[in-house]
Amino acid sequence: SHWLHRWSNPKCNGKLPPGAMGFPIIGETVDFLKPCGFNDIPTFVKKRMIRYGLLFRTNIFGSKTVVSTDPDVINQIFRQENTSFGLGYPDILVKVFGKDNLFLKEVFIHKYLQKITMQIIGSEGLKQTMIGNMDKATRGHFRSKASQGSFNVRKEVENLIVAYMTPKLITLIKVLKSRGEAIQVMKDVPSMRKESREKQEDFLNTMLEELEKEGSIFDQGSATNLIFLLAFVAREGTSSCTALAVKFISKDPKVLAELKREHKAIVDNRKYKKAGVSWEEYTHNMIFTNMVINESLRLSNTTPLLFRKALHDVEIKGYTIPASWIVAVAPSAVHYDPTNYENPFEFNPWRWEGKEMTRGSKTFMAFGSGVRLCVGAEFARLQMAIFLHHLVAYYDFSVVQDSEITRSPFLQFTKDLLINISQSPTK
Ligand code: HEM
C-alpha cells in the first residue's frame with residue numbers, strides 16, 4: 001500500500017499539476033488509446049481538460065507525464081527548447097521503436113536533420129530540382145489514372161512520394177517494399193559506397209559524410225534508421241493530409257470553385273502551356289491554395305501529442321514539472337479551441353485570409369513550432385499544392401467511396417478514399 005501511495009502521489013519539490021496517475025505500471029495508457037471521432041480532441045485529453053483544466057498530470061506508456069493544452073504553456077515549452085525542455089519520449093516507445101532511433105533520444109538532432117535534409121527538401125533543393133520532379137510525376141500519374149477508373153487518394157500520394165523521394169534518399173534503390181528489406185539494403189549500401197568512394201547527391205551521401213566526422217552522433221545503425229524514418233514520415237504524414245484536403249474540398253463546392261479559378265488562371269497565364277508548376281507560381285499565385293492547405297492541416301491534427309522531457313524542475317503557472325518527467329503537448333486542443341478559431345470544426349479556408357501561414361505560431365502548430373519545426377514542412381506543402389493543381393486545373397473529380405475518419409489517437413481511415421477523375425471539358 002506504501003508503493004501504491006507512492007505511485008499515485010509522485011515526489012515533487014513543489015506543487016504538481018492536478019490529475020491522476022492511473023493503475024500501477026500501465027497508468028492511464030488504455031484510456032489514452034481509446035478512439036474518438038475525427039472532429040474531436042482525443043477523448044483522453046478532453047475528459048481531463050474538463051476535470052482538471054488545461055494542464056494536468058498522468059502516466060502514459062509507463063512514464064510520468066504532464067499534458068499541456070494551454071497555448072501559453074505550449075509556447076513557453078517550445079521557447080525553452082534545449083534550456084528547460086529537451087526531446088524526450090516515454091521509455092517504452094524508445095524500446096519499441098529501436099535504440100538506434102535518434103528521434104527518440106535525448107540528443108539535439110535538429111541541426112543535423114536540417115543539414116542532412118536541406119540540400120534536397122530545403123527551399124533551395126525544392127526550388128531547383130524537387131518541384132520539377134514532383135510536377136512531372138504527378139502529371140504522369142494523373143494521366144494514367146484518368147483512364148483507369150477510380151483510385152485511392154492516399155495510396156496514390158504514397159506512390160508519388162516513393163517515386164520522387166526514393167532516389168533522393170538513396171539513389172540505388174527504386175522502391176522500398178518492406179521495412180525489413182529497406183533496413184537490410186540500407187545497411188549494405190553505406191559500406192559498399194564507402195568502399196567504392198562513389199559519390200551521389202542524396203541523403204545517404206550527406207549521412208556518410210556526417211558518419212566520418214570525428215565525434216559524430218551517428219553510427220551506421222542510427223544513420224540507417226534515420227533514412228528509413230524520413231521516408232516513412234514523408235509518405236505517411238503527407239498522404240493523409242492530402243487525402244483529407246481532397247475530402248474537404250469534395251464536400252464544399254464554393255472552395256472547389258475558388259480553387260479551380262486560381263489554378264486555371266495560373267495555367268492561362270503561362271507562356272508555355274505545357275510547362276509545369278514553377279516556384280514563382282507556387283509562392284505568388286497559390287494564395288487560396290495555401291489557405292486550403294493550412295485549413296486542412298489545422299483540422300487533420302495528424303500528430304496527437306508532441307513529446308518533450310523536463311531537463312530540470314520547471315515552474316509553470318504555479319505548478320512544478322519535476323525533472324525528467326515527460327511533457328506532452330496536444331496541438332488538437334489548440335486547433336479546435338473556439339477562442340482561437342471561430343466554429344473550429346468548420347472547414348473554412350477563408351479564415352486564413354491575410355494571415356501568416358508558413359511559420360508555426362502559438363495557435364497553429366501542425367508542423368510543431370520553435371527550433372524543432374518540421375524539416376519537411378515546405379516539402380509537404382509543395383507536394384499538396386502540386387497535387388491540388390493537377391487535380392483541379394485539368395480534371396473534374398468525384399468521390400466514389402468516402403471514408404469515415406477516426407482517431408485512436410492516430411488518424412485512421414476506415415475505408416479507402418476513392419475518387420474518379422475525368423479531363424476537365426474547359427481544358
Ligand atoms: C503533412 C505532413 C507533415 C506533418 C503534419 C508533419 C508534422 C510534424 C510535426 C508536428 C513535427 C514536430 C515534432 C516535435 O516537435 O516533436 C515534425 C517534425 C519533423 N518532421 Fe514532419 N510533418 C510532415 C511531413 C514531413 C516530411 C515530408 C518530412 C521529411 C521529408 C518530415 C520530417 C520531419 C522531421 C525530420 C522532424 C523532426 C524535426 C526535429 O525534431 O528537429 N515531416 N513534423
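In each ligand, atom 1 is the first atom listed, and ligand 1 is the first ligand listed.
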Using a strict 4.0 Å cut-off to heavy atoms of [X], name the atoms of ligand 1 that fall inside it.
X: Val375; answer: 32 (C), 33 (C), 34 (C), 35 (C)
X: Leu306; answer: 10 (C), 13 (C), 14 (C), 15 (O)
X: Phe379; answer: 27 (C)
X: Thr302; answer: 5 (C)

Can the ring centroids of Tyr89 and Phe61 be said to lie less than 6.0 angstrom from one another? no
Taking the minimum heavy-atom distance to [atom], which of [options] ranks first?
atom: atom 9 (C) of ligand 1; options: Phe367, Phe78, Phe232, Phe307; result: Phe367
atom: atom 23 (C) of ligand 1; options: Cys374, Ala234, Gly376; result: Cys374
atom: atom 7 (C) of ligand 1; options: Ala366, Ser239, Ser240; result: Ala366

Per-residue contact class, [X] against ligand 1 - non-hydrogen pairs under 4.0 Å:
X: Ile121; answer: side chain
X: Cys241; answer: side chain
X: Thr303; answer: side chain
X: Ala380; answer: side chain

Cationic tip of Arg51 above Phe56 ring, under 6.0 Å, 45° of axis: no
Ring pair (Phe, Tyr, Trp, His ring centres under 6.0 Å) assessment of Tyr341 paired with Tyr336: CA-CA 7 Å; Tyr341 298 95; Tyr336 290 161; 9.1 Å; no
Kindly indicate, with the supporting measurements, whether the criterion side-chain hydrogen bond (donor to acceptor under 3.5 Å, both in side chains) is fulfilled by His389 and Thr289. CA-CA 9 Å; His389 173 75; Thr289 310; over 6 Å; no
If you draw a 6.0 Å radius around NZ in Lys46, do more than 12 non-hydrogen atoms from other residues or ligands fall strictly inside?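 Counting neighbours around NZ of Lys46, 12 or fewer heavy atoms of other residues, nucleotides or ligands fall under 6.0 Å, so no.
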So does Ser403 get a backbone contact from the side chain of Lys247, meaning a donor-acceptor N/O pair under 3.5 Å? yes
For the backbone of Met357 and the side chain of Asn294, can you confirm whether one donor and one acceptor N or O come within less than 3.5 Å of each other? yes
So, 4.0 Å and heavy atoms of Gln383: is ligand 1 close enough to count as a contact?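 The answer is no, since Gln383 has no heavy atom less than 4.0 Å from ligand 1.
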Could you say whether the N/O atoms of Arg308 and ligand 1 ever approach to under 3.5 Å? yes
Thr238 and Gln383: side-chain donor and acceptor closer than 3.5 Å?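 No - no donor-acceptor pair under 3.5 Å links their side chains.
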Phe151 side chain reached by Phe142 side chain, heavy atoms, under 4.5 Å: yes
